[in-house]
Amino acid sequence: MSITTYSELKAAIANFLNRDDLTAVIPTFISLAEAQIQRDVRSNKMMARSQAQIETRYLDLPADWVETIRLHVADGTGHRLELTSLDDMLQERASNNGGGAGRPSLYAHIGTSIEVYPEPATTYDLELMYYQKIAALSDSNTSNWLLADAPDVYLYGALMQSAPYLVDDARIQVWAQLYGNATASINTRAEEARFSGTGLRMRIRSF
């Protein structure tokens with residue numbers, strides 16, 4: 001059975017479960033699977049770049065941000081900010097009597113924002129490379145790159161989420177293993193692509 005659209009995915013889940021009375025809850029299984037997938041999958045197809053200007057200590061992350069890969073000052077020098085913890089940044093600021101102002105060299109995540117140190121002395125152009133969220137499936141967004149590339153990730157992810165609802169402890173281990181194998185394959189291929197010289201195409205957007 002082909003699984004290329006949201007409707008086909010829902011039908012496949014019902015077929016695998018051999019149930020025709022789950023129409024109302026199968027979309028929930030898929031949504032729960034997508035939440036898990038966002039945490040587990042890291043593909044080069046999730047990589048994006050975002051550019052913004054910063055003139056204060058804080059900068060909001062993009063709405064579709066999942067994980068930071070790299071942050072640097074886009075001034076032609078390739079000056080890269082190093083990731084640190086909020087505690088270490090506080091200690092660095094205290095040991096330098098507040099730290100003054102200058103070109104940011106450190107950054108830390110705080111909620112949905114980034115904090116930089118030292119505080120910018122002027123306006124700097126920053127470029128963030130990050131993993132972005134995979135677009136959720138719905139009746140209006142019937143497919144995405146992951147469903148096209150790896151429908152098994154979606155299928156086994158949703159089946160894994162169905163097991164607690166159906167009180168099917170026996171099969172949750174089977175679905176979990178198949179889901180784990182599928183996500184591992186995606187991540188392995190992404191790592192191979194990153195280090196094989198394959199060119200990456202990334203979208204550039206403002207924060």
Q) Got more than 12 heavy atoms from elsewhere within 6.0 Å of CZ, Phe16? A) no
**Q.** Closest heavy-atom pair and its distance - Ala158, Phe29
**A.** O-CB, 3.7 Å
Q | Arg93/Glu115 ion pair, N-O < 4.0 Å | A | yes
Q: Check for a donor-acceptor pair, side chain of Ser43 on one end and backbone N or O of Lys45 on the other, with a separation under 3.5 Å.
A: yes
Q. Can any side-chain N or O of Asp169 pair as donor or acceptor with the backbone N or O of Ala163 at less than 3.5 Å?
A. no
Q) Please, which pairs that meet ring-ring contact (aromatic ring centres under 6.0 Å, His included) have at least one residue in residues 70-91, sequence neighbours excluded? A) none
Q | Exercise: identify the closest heavy-atom pair between Glu34 and Ala136 | A | OE2-CA, 3.4 Å
Q.
Using the side-chain hydrogen bond (donor to acceptor under 3.5 Å, both in side chains) criterion, which residues pair with Gln91? Sequence neighbours excluded.
A. none
Q) Quick one: are Leu61 and Leu128 in side-chain contact, heavy atoms under 4.5 Å? A) yes
Q) Considering all heavy atoms of both residues, which atom of Gln161 and which atom of Ala33 are nearest to each other, and what is their separation? A) CG-N, 3.6 Å
Q. Within a strict 4.5 Å, meaning less than it, do heavy atoms of the Tyr165 and Thr28 side chains meet?
A. no
Q) Do Glu127 and Leu71 come close enough that some side-chain heavy atom pair is under 4.5 Å? A) no
(Q) Are the side chains of Arg171 and Leu17 in contact, using a 4.5 Å heavy-atom criterion? (A) yes
Q. Sub-3.5 Å donor-acceptor pair from the side chain of Asp60 to the main-chain atoms of Ser113, do we have one?
A. no
(Q) Between Asp88 (side chain only) and Thr84 (backbone N and O only), is there a donor and an acceptor less than 3.5 Å apart? (A) no
Q: Would you check if Tyr107 and Tyr117 make a side-chain contact, meaning some heavy-atom pair closer than 4.5 Å?
A: no
Q. Under 4.5 Å between any side-chain heavy atoms of Lys10 and Ile30, yes or no?
A. yes
Q: Could you give me the CA-CA distance, side-chain angles and deciding distance for Tyr130 and Asp64, then say whether side chain to side chain donor-acceptor pair (under 3.5 Å) is met?
A: CA-CA 9 Å; Tyr130 67 102; Asp64 61 355; 2.8 Å; yes
Q. If every non-hydrogen atom of Pro151 is compared with every non-hydrogen atom of Asp149, which pair is closest and at what distance?
A. CD-C, 3.7 Å
Q) Taking side chain as C-beta onward, heavy atoms only, is Asn141 less than 4.5 Å from Tyr6? A) no
Q: Output yes when a side-chain donor or acceptor of Ser95 lies under 3.5 Å from a complementary backbone atom of Glu92, and no otherwise.
A: yes
Q | Heavy-atom closest contact (Ile186 atom, Ala150 atom, distance) | A | CD1-CB, 3.6 Å
(Q) Between Arg103 and Asp75 (salt bridge meaning N to carboxylate O under 4.0 Å), is one present in this structure? (A) yes
Q) Tyr154 and side chain to side chain contact (heavy atoms under 4.5 Å, CB included): which partner among Ile3, Leu146, Ile13? A) Leu146
Q | Smallest separation among heavy atoms of Ser2 and Thr4, with atom names | A | OG-CG2, 3.3 Å
Q.
So Asn181 and Tyr156, do their side chains get closer than 4.5 Å, heavy atoms only?
A. no
